[in-house]
Amino acid sequence: HSNFINSKLNQTRWKESLKLSKVKTIICLDKLELEYTISSMNAPMVIKSEFSFAGRGNLILKSKIDTKEFEKRIEEIFKENPKGILVEEWVEENRIQDFSGLFELSSEKTNLVAITEMLVDKSGVYRGSMIQKNFDQELADGLQEVANNSKSFTASYSGPISIDGFRFN
């Protein structure tokens, strides 16, 4: 069950169905689709493994020239991710806040437990979190709405969940 929940492919399909993401993300099922996606998207972009966490396992293509340099690594990523990978526009330079909403999910309701600010370095690697005592109500409301819709993603699950996101210009 956790593989389904933690799959970036499944999360992306769910976010697309609810129109939750403003970041252009494309699922590529093979190398041919990846080559087409890279040729049609503007750089910079990031290639993500299905189960990459905290920026680990990501390949950042700052220009299309980088594709040649990463070609061997791209082959490895598809061997490690036979169900596919993600290509996302890289908005790191425009990120202004990384956050996580921590919730308790039950069959009756979804409770917001806390919001944390995630500390992320310039290369996109997660370095830790700080619990926010005072947080933006608009952010809390948005996270609550996503959490309320999480039952459509995994109806049988109850327990703690974390919904990560970021704001960007």
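Predicted model, so just to flag it, every value in this text is computed and none were measured.
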In this structure, are over 12 heavy atoms from other groups packed under 6.0 Å from Gln97 atom CD? yes
Check: Do Asp98 and Arg127 pass the salt bridge (Lys or Arg N to Asp or Glu O under 4.0 Å) test, and can you show the C-alpha distance, the side-chain angles, and the key distance before you say yes or no?
Finding: CA-CA 11 Å; Asp98 287 73; Arg127 299 295 182 188; over 6 Å; no
Contact check, side chains of Ile161 and Ser150, non-hydrogen atoms, under 4.5 Å:
yes
Review point. Shared ILVMFWY cluster between Leu102 and Leu105, side chains joined below 4.5 angstrom?
Key: no
Is there a side-chain contact between Ile77 and Leu34 (heavy atoms, below 4.5 Å)?
-> no
Can you tell whether the side chains of Arg73 and Glu80 come within less than 4.0 Å, N to carboxylate O? yes
_Ser106 side-chain N/O to Lys109 backbone N/O, donor-acceptor pair under 3.5 Å_ = yes
- Message: Would Lys24 and Glu88 count as a salt bridge (Lys or Arg N to Asp or Glu O under 4.0 Å) here? Give the steps.
- Response: CA-CA 6 Å; Lys24 183 176 183 177; Glu88 248 179 33; over 6 Å; no
**Q.** Greater than 12 external heavy atoms within 6.0 Å of Lys31's NZ
**A.** yes
### Query
Are Glu50 and Lys83 side-chain neighbours, meaning at least one heavy-atom pair lies under 4.5 Å?
yes
Residues Phe103 and Ile163: closest non-hydrogen pair is CE1-CD1, 4.0 Å
| said: Using a 6.0 Å cut-off, check whether atom CG of Asp121 has over 12 heavy atoms from anything other than its own residue. | reply: yes
Would the number of heavy atoms belonging to other residues, nucleotides or ligands and lying under 6.0 Å from CD1 of Ile131 be above 12? no
Apply salt bridge (Lys or Arg N to Asp or Glu O under 4.0 Å) to residues Lys79 and Glu76 and explain how you reach the verdict. CA-CA 5 Å; Lys79 284 180 188 169; Glu76 291 170 16; over 6 Å; no
Problem - Whether Thr25 side chain and Val23 backbone form a donor-acceptor pair below 3.5 Å - result: yes
Is a donor on one side and an acceptor on the other found under 3.5 Å between the side chain of Lys8 and the backbone of Lys48?
-> no
Within 45 degrees of the ring normal and closer than 6.0 Å to the centroid, is that where the cationic atom of Arg95 sits relative to Phe168?
no
The side chain to side chain contact (heavy atoms under 4.5 Å, CB included) partner of Thr110 among Leu143, Val146, Asn148 is Asn148
Worksheet item: Below 4.5 Å, heavy atoms only, C-beta onward: do Phe166 and Val91 meet side chain to side chain?
Response: yes
_More than 12 heavy atoms of other residues, nucleotides or ligands under 6.0 Å from OH of Tyr36: yes or no?_
no
Mind checking whether Arg167 and Asp136 have side chains closer than 4.5 Å, heavy atoms only? yes
Is it true that Leu20 and Ile27 fall in one hydrophobic cluster, defined by side-chain heavy atoms closer than 4.5 Å? no
Just by modelled atom types, is the Asp141 backbone N or O under 3.5 Å from a matching donor or acceptor in the Glu145 side chain? no
Exercise. Can you tell me if Ser100 and Ser162 form a side-chain donor-acceptor pair at under 3.5 Å?
Worked result: yes
Task: Verdict with reasoning, Met130 to Thr116, per side chain to side chain contact (heavy atoms under 4.5 Å, CB included) - done: CA-CA 5 Å; Met130 294 181 60; Thr116 65; over 6 Å; no
Exercise. State whether the side chain of Asp30 and the backbone N or O of Leu32 hold a donor-acceptor pair below 3.5 Å, judged by distance alone.
Key: yes
**OP:** Examine distances only and state if a side-chain atom of Ser7 and a backbone atom of Leu9 form a donor-acceptor pair shorter than 3.5 Å.
**Re:** yes
Do other residues, nucleotides or ligands put more than 12 heavy atoms under 6.0 Å from the CD atom of Glu138? no
